[in-house]
Asks: 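Can you read through this structure? Questions will come right after.
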Amino acid sequence: MRPTTALVAAGVLASGASAENYLGFNSGSTKADRSAKFKADFEAEFKTAQGLENAPGKFNAVRLYTNIQAYSQDDPIEAFDAAMGTDTKILLGIWTSGTDSIDKELSALKKAVDKHGKKFTDLVIGMSIGSEDLYRVSETGIKNKAGVGAGPDVLVKFIEQYKKQFSGTGLSSVPIGHVDTWDAWTNGTNKAVIDAVDWVGVDEYPYYENGKGNGIKNSGTLFDRAFNAVSGVVGDKPIWVTETGWPATGPAWDQAVASVENAQYYWQEVGCRKLFNKVPTFWYNLRDSNPDNEMKFAITNNLSTKPLFDLTCPTKFDTPTAVPTTGSPAATGSATGVSAPGSSSTGSSSGTGTGTGTGSGAQAANPSPTGSGAYMGKSLSAAAVASLALVAGIFALF
Ligand SMILES: *[C@@H]1O[C@H](CO)[C@@H](O)[C@H](O)[C@H]1NC(C)=O
Ligand SMILES: *[C@@H]1O[C@H](CO)[C@@H](O)[C@H](O)[C@H]1NC(C)=O
């Protein structure tokens, strides 16, 4: 990460918020049965996150995928109330695929700002306009039938719209980002998005990097390679790791095996070695919410503060430190992209996979089950996909 001062000097950021290495999880708007999460559900998550035994820091931040409460048109998501009650920092999200309007997202957010003022806005650490939209329109995303995405022009337009509408409010100094898979960022066609944001959100899942030697012992190296590739193209913009994790259960993916033991190894080699207290990090995940994803990423059962494995960070690591720094090698891998599950996902809640979704529209529907991105892309309309996103978390398959 680069010093915040550089950003300030550049006039990009008014606050020093990005200098803080937030620790948090992802949280969609619905639960594993696709029903809406309400204030008490979010509160339970936030309390568990803050109370996790042997955590290497306080997990008191959350990444949301939408501002809209599920089952409503444009009411603010009740996660905001839960965050205010538990002093949880909020990375806001707006769903931008499959829609030509983010008006409802903005309307829900404005209601929260008007109603709560500083009590709310002081907790907001960032705004992400979009989630893996570029991945879904990339060659890999299309090949994997990851669902409806959006190109760089659409994202830049929505970023401008949000900025205009919230300038002069309590959110005007909140840094704006976009979240996508690492190979979307290294694709030069998307550079306008890098130019438009204050920080770059990266989703990385070595687990899903089939064809690249994705066994658990190589996960740290695959992570570093992708991270460094992004670093090589973003200039001074800080990188936030917005989704990463390894499933504790589920089917194998090429050489990657889901197990509690491997989830712990990944926590140590990627979380402890590379991310925690070094890079703003939103782990995937505290709780699963996508019933259609066979891979389960939750680090705890039923929101217990005693996780599936000991979260204590070791002092020695296996991953070799010498990793190529340049971007391209990693990028090339494109074949598999990294997408994470999250990406396309939707989100919901907990998701499963990764992603979470968002979506706008989402509220209502919770459509379907899907699981793989592929299925969705084929069978659902864009609107449905957006909604799903909110709800379920679709995974992008590669
Ligand atoms: C690069 O990005 C553009 C625009 O998002 C996309 O159309 C193209 O497919 C991407 N290239 C690859 C190799 O995925
Ligand atoms: C989680 O809670 C459900 C419902 O209360 C219960 O049936 C299940 O056994 C619990 N699972 C674990 C692992 O504690």
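The chain is numbered in sequence order, starting from 1. Whatever order the structure lists ligands and atoms in, that order sets their numbers, starting from 1.
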Asks: Holding to side chain to side chain donor-acceptor pair (under 3.5 Å), I want the full list of residues that pass it with D81, two or more places apart in sequence or in another chain.
Replies: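 Scan of D81 (side chain to side chain donor-acceptor pair (under 3.5 Å), adjacent residues dropped) gives none.
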
Asks: Short list, please: which atoms of ligand 1 are under 4.0 Å from a heavy atom of E139?
Replies: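 Answer, ordered by atom number: 9 (O), 12 (C), 13 (C), 14 (O).
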
Asks: Can you tell me how the ring of Y208 sits relative to the ring of W253, calling it parallel under 30°, perpendicular over 60° and tilted otherwise?
Replies: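 Perpendicular, since the angle between the ring planes exceeds 60°.
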
Asks: Pairs of nitrogen or oxygen atoms closer than 3.5 Å, one from N187 and one from ligand 1: do any exist?
Replies: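 Looking only at distances, the answer is yes, because the N/O contact criterion of under 3.5 Å is met.
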
Asks: Contact between G151 and ligand 1, counting heavy atoms under 4.0 Å?
Replies: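 In this structure, G151 fails to qualify as a contact of ligand 1 - no heavy atom is under 4.0 Å.
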
Asks: Relative to the heavy atoms of V137, which atoms of ligand 1 are at a distance of less than 4.0 Å?
Replies: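 Numbered from 1, ligand 1 contributes 5 (O), 6 (C), 7 (O), 9 (O).
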
Asks: Can you tell which of W283, F59, F297 makes a ring-ring contact (aromatic ring centres under 6.0 Å, His included) with F25?
Replies: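 Testing F25 for a ring-ring contact (aromatic ring centres under 6.0 Å, His included) against W283, F59, F297 leaves exactly one candidate, F59.
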
Asks: If you measure from each non-hydrogen atom of A184 to ligand 1, which part falls under 4.0 Å: side chain, backbone, both or neither?
Replies: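 Under 4.0 Å from ligand 1, A184 contributes no heavy atoms.
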
Asks: Listing request: all side chain to side chain donor-acceptor pair (under 3.5 Å) pairs with a residue in residues 158-167, at least two apart in sequence or in separate chains.
Replies: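 As it turns out, the side chain to side chain donor-acceptor pair (under 3.5 Å) pairs with a partner in residues 158-167, which skip direct neighbours, are D103-Q161.
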
Asks: Between T242 and D203, do the side chains contain a donor N or O and an acceptor N or O under 3.5 Å apart?
Replies: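 Note: D203 and T242 side chains meet the donor-acceptor criterion.
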
Asks: Check each heavy atom of N190 against ligand 1 and say whether those closer than 4.0 Å belong to the side chain, the backbone, both or neither.
Replies: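 It is the side chain that touches ligand 1; the backbone stays farther off.
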
